[in-house]
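A note on names: the letters A, B, ... follow the listed sequences, proteins ahead of strands, and every chain is numbered from 1.
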Amino acid sequence: MSQTTKQIEQKWQKCWEKARLFEADPDLNRQKKLVTFPFPYMNGPLHVGHAFTASRVDAYARFKRMQGFNVLWPWSWHWTGQPLLGASQRVARGDEAYIKVLRDVDGVPEEELKKFVDPFYMAQYYTSEGRSAVKSIGFSVDWRREFTTTMLAFQKFIEWQYANLKEKGYVTRGTHPVVWCPKDQSPTGDHDRQSGEGVTPEEYTLIKYRLDDGRVLPAATFRPETVYGITNMWINPDVTYVEADVNGEIWIISQQAAEKLKEQKHNVTVRCDFLGKELIGKSFTNPITNLTFPILPGWFVDPKTATGVVYSVPAHAPYDYLALRDLQKKPEVLAQFGVDPSMVLAIKPVSIIKVEGFGEYPAAEIVEKMGIADQNDSKADEATNELYKKEFHSGMLKANCGIYASRSVREAKDTLIADFKGLGAADSMYDLKEPVVCRCMTQCIVKILSDQWFLNYSDPQWKELAHQVVAQLTVYPDSAKPWFNTVIDWLREWACARTTGFGTPLPWGKGWIIETLSDSTIYMAFYTINAQITRNIIKPESLTSEVFDYIFLGKGDKTSAAKTADISTDLLDAMRSEFLYWYPFDLRNSAKELVPNHLSFCIFHHAALFPPQHWPKAIGVNGMLMVEGQGMHKSKGNFITLKSAVEKYGADATRCGLLLGAEGMDDPDWRADNINDLKFKFDSLMGFASNIIASAKKADDTPLERWLASRMQQRIKDVTFALDELKTRTALQTALFETWNDLKWYIQRKGSTEAKALGEVVKDWLKLLAPFAPFLCEELWSQTDEAGFISTAKWPIYDTGKVDVIALEQEALVTDVMADTNNILKAMKISPNRIVYYTAAHWKWQVYLKIVEKTLTGEVKINELMREFAADAELKPYMKDIAPLVPRIIKSLTKISGDRKANMAKIGVIDEKTILTDALAFLKDRFNAETAVYSESEAQRFDPKHRATMAMPYQPAIYVE
RNA sequence: GCGGAGGUCGCCAAGCAUGGUCAAAGGCGUAAGACUGAGGCUCUUAUCCCGCAGGGGUUCGUGGGUUCAAAUCCCACCCUCCGCACCA
């Protein structure tokens, strides 16, 4: 009884483990490759997305191992961070919806689920599930180097890293605005939000206009340059405002604003509240120009946005223009507030920005153009956006803008804000453009966190170093390389410590732990020594900074380091040399979503901490896995765990199904039908190859075997080239389908599988497939006469000596003839009884080859050619036939590649009659018709329609009936 | 908005750097045949349109341009997907 896929997989997994096949130790006689995959976060099971990215790493690792490299492919687990804790708390809270997902999607058994109230238990559970899934899919991992990020030894490593970064000045301290949940007392990231995804704090400038009594009206704006164009203030008469002591000044702001400012480093004490209408009609002073303006009622003013105090720039703000116009049309409204309508009527917009395509008053023009009725018209928003954008990008400040006159808005803005603040005329506050609601249903605000620790990715010198890392880095695909540079330029300070979740305590900051994206930037170096740490049971406290300095940087005195650490100098040296052997890493491959964060951080940190010889060698980036055309989400019900995929389809089909999906940065699509199909294909392949291995014993060396061997060489070349570029899809497609098709063709043509040469080709084929479908290949390899594992067999090397261009050309003749025959049959719409081929006469070959030669060397001149032919005694008699032939041949040759023409010239005349005669039985079978072949020059031939004279070299004439 | 990646013959997808070998690989799907008790699987063949003779026509997001020649080069436009920070 034949083994099931599952049995085969388990068998080889055990064999590999027993042979310690993937355990890699330093070996100075061999070149090394350290390949890595970003450790997965353990708040859930591994899924097919992980499998896709890691399959690429594994295929590469296996390929390089077969090429003779000493390959190290380690794996670990990310436990530090917030989500694990959050997940565990949801279980503890009895969150049924969440528990249902764990049960149904993750497949967690009931008795385990209960224990998930302990986050470490949860992590442990997913980690051991994950480990067995990784083994079951056949990743060739050295497990001796495994760790989790909460292990003390690892945390010592992170401490060392951060102490170093701080010493080098890459860690800074400062304040930072975040979206904040007042109830949870923590920042509310996108994933923690009920609504308001993607909303970030935006900074408003507050212009501190002053009432006559000295109280401040801090009007909020994104466009402080418009302070020069103010005509009045808007206060919502129906809204409650407060008078508050803010940093020693008396501010008038909306009630909501007072609460917000308290969280933003403002000292706020509310003294009293009142309705906005009390302010209407009062006048105030512009702190920049010292001019005085009135306060008018504006119902569009939203107390929930910023300060609830807005100043009016009717020349450039559509809302202001509309609101003013509305008031001017309704003097009776003004009268209610005791405002003199004629004063309002006298307000004229003040133009301060010159912008292309608009005249004096852009706001009025755009309102007109879009036909906006009043301040309640929904189109007003659109007009605002359009005009703001336009004025920002191409606006110039006019002469009435003080010292900023004739500067562009875009360029003057930042200095202007700084100047105003310096004068005490402006302040700032943050607010959210749209409401954000936390998962706990609380409305979020902006909080300014103080004494926050940052990695200073803004540091220009650090950026420069990071660019240098990128410059020497190979990126797969190459097109992703510029992306890294733009990300490096774009990254700013990154808060690298937080107060909640799991993580390594910040070495110098009480209560702070290192943020999880910041604790996973150089840990690939830790792999190099972790096997030693475990094997020698090195205590965490022995891993002092002196020890790490010595191991990773060769710094300091090893005797004293060993002494303080209580470990031997030999062991220290062993770790040092192991690090030196493996580092830097040769490949890190991940999905493209990590480019703007993890992978770029990895570059920054290597730049900061390691010398250039230990900088990353190559980074691979791939797309994000889709499932049936959609993004994979637990909530969408299309989440597929790695474990379930392997169980259902087998490891090889899962790996190959994923890898055939896409390469480069394209997103692969997991289609269950395709994977299932592949599973059947592999069953078929097993029988196919097995049969060949058993029967290929006969010494046979015909052009067909040479053709097959030649094709194989081309496949070897292509697969090797593609894998070196991490083009896993191209490589697999060639290795699996194209090569298989070659073999099938050979067997059809040959009619048997007995040739020993075929068996040899199959061995190479299995090797090409082994990085992708290791279990299947290992099984088939064991059926051959070869010893050892295919996983460590020698990768085939492309050998031009094995390429027989004549055999290739001869076989091409057969396929070309078949294609032509098919075309004729299709046009005739018949099934033939008899097919006769006529090969070209020798003199035609002479003519043909002469022309081929000419086209290779340069321009072909017909009259010269004809003269040459006429001079040839052998050709002279045929001149009448040659004349019309020559242009035809020239034309047909334009469709043939230079390489092939060169081959044709080299090969000379091929014996078409023999080739076709040999293929006759095959053709007969294929077309289900009597077949025959004659040479055009044979007098005795069956040729009722006189087709023979149409024969051309490489294009025999065909007669069908 | 900023940044990145893309739009190819029913679907997925190669090709585009180095224009001619491109009606354009491969896989899927579809159709026919073989196998089977029947099916699934597998294998074979076909699969833009026209053509009773190996030929012709129209295709590679849209519109222009360069060229003897463009899926490939240039310009403009339209559309889709992804990332944008304290979060893994």
S.K.: Using a 4.0 Å cut-off on protein heavy atoms (strictly under), produce a 5'-to-3' string for nucleotides 9-22 of chain B with B for base contact, S for backbone-only sugar-phosphate contact, and - for none.
M.R.: --S-SS-----SB-
S.K.: Taking the six-membered ring for Trp, are A:Y388 and A:F222 closer than 6.0 Å centroid to centroid?
M.R.: no
S.K.: Stacking check: are the rings of A:W483 and B:G83 less than 5.5 Å apart at their centres and under 30 degrees in tilt?
M.R.: no
S.K.: Base, backbone or nothing for each nucleotide of nucleotides 38-50 of chain B, written B, S, -, heavy atoms under 4.0 angstrom, 5' to 3'?
M.R.: ---SSSSSSS---
S.K.: Could you check whether any side-chain N or O of A:D459 sits under 3.5 Å from a backbone N or O of A:L455, counting only pairs where one atom can act as donor and the other as acceptor?
M.R.: no
S.K.: Taking atom P in both B:C28 and B:A13, compute the distance separating them and give it to the nearest angstrom.
M.R.: 15 Å
S.K.: When the C1' atoms of B:U62 and B:G10 are considered, how many whole Å apart are they?
M.R.: 22 Å
S.K.: Less than 6.0 angstrom separating the ring centers of A:F639 and A:H633, yes or no?
M.R.: no
S.K.: Relative to each other, are the rings of A:W740 and A:W765 parallel, tilted or perpendicular (30° and 60° limits)?
M.R.: tilted
S.K.: Answer with base, sugar-phosphate or nothing: what part of the nucleic acid does A:S479 contact at a heavy-atom distance below 4.0 Å?
M.R.: sugar-phosphate
S.K.: Taking only heavy atoms on the protein side, list every residue of residues 952-961 of chain A lying under 4.0 Å from any atom of RNA chain B, sorted numerically.
M.R.: A:Q955, A:P956, A:A957, A:I958, A:Y959, A:V960
S.K.: Using a heavy-atom cut-off of 4.0 Å across all strands, would you classify A:T200 as base, sugar-phosphate, or nothing?
M.R.: sugar-phosphate
S.K.: Should the pair A:F454 and A:H176 be assigned to parallel (<30°), tilted (30 to 60°) or perpendicular (>60°) ring geometry?
M.R.: perpendicular
S.K.: Any idea which of B:A88, B:G26, B:A53 is nearest the A:N597 side chain?
M.R.: B:A88
S.K.: Which atom names give the shortest non-hydrogen contact between A:T839 and A:E912, and what distance separates them?
M.R.: CG2-CB, 3.6 Å
S.K.: So, does A:T486 get its side chain near the phosphate of B:G3, meaning an N or O under 4.0 Å from OP1 or OP2?
M.R.: no
S.K.: Considering every strand shown, what is the Watson-Crick or G-U wobble mate of B:C60 when both distances are under 3.5 Å?
M.R.: none
S.K.: Could you measure between the two C1' atoms, the one in B:C73 and the one in B:G19, and give it in whole Å?
M.R.: 7 Å
S.K.: Any sub-3.5 Å donor-acceptor pair from A:N456's side-chain atoms to A:E493's backbone N or O?
M.R.: no
S.K.: For A:T739 and A:T734, indicate whether the former's side chain and the latter's backbone hold a donor-acceptor pair under 3.5 Å.
M.R.: yes
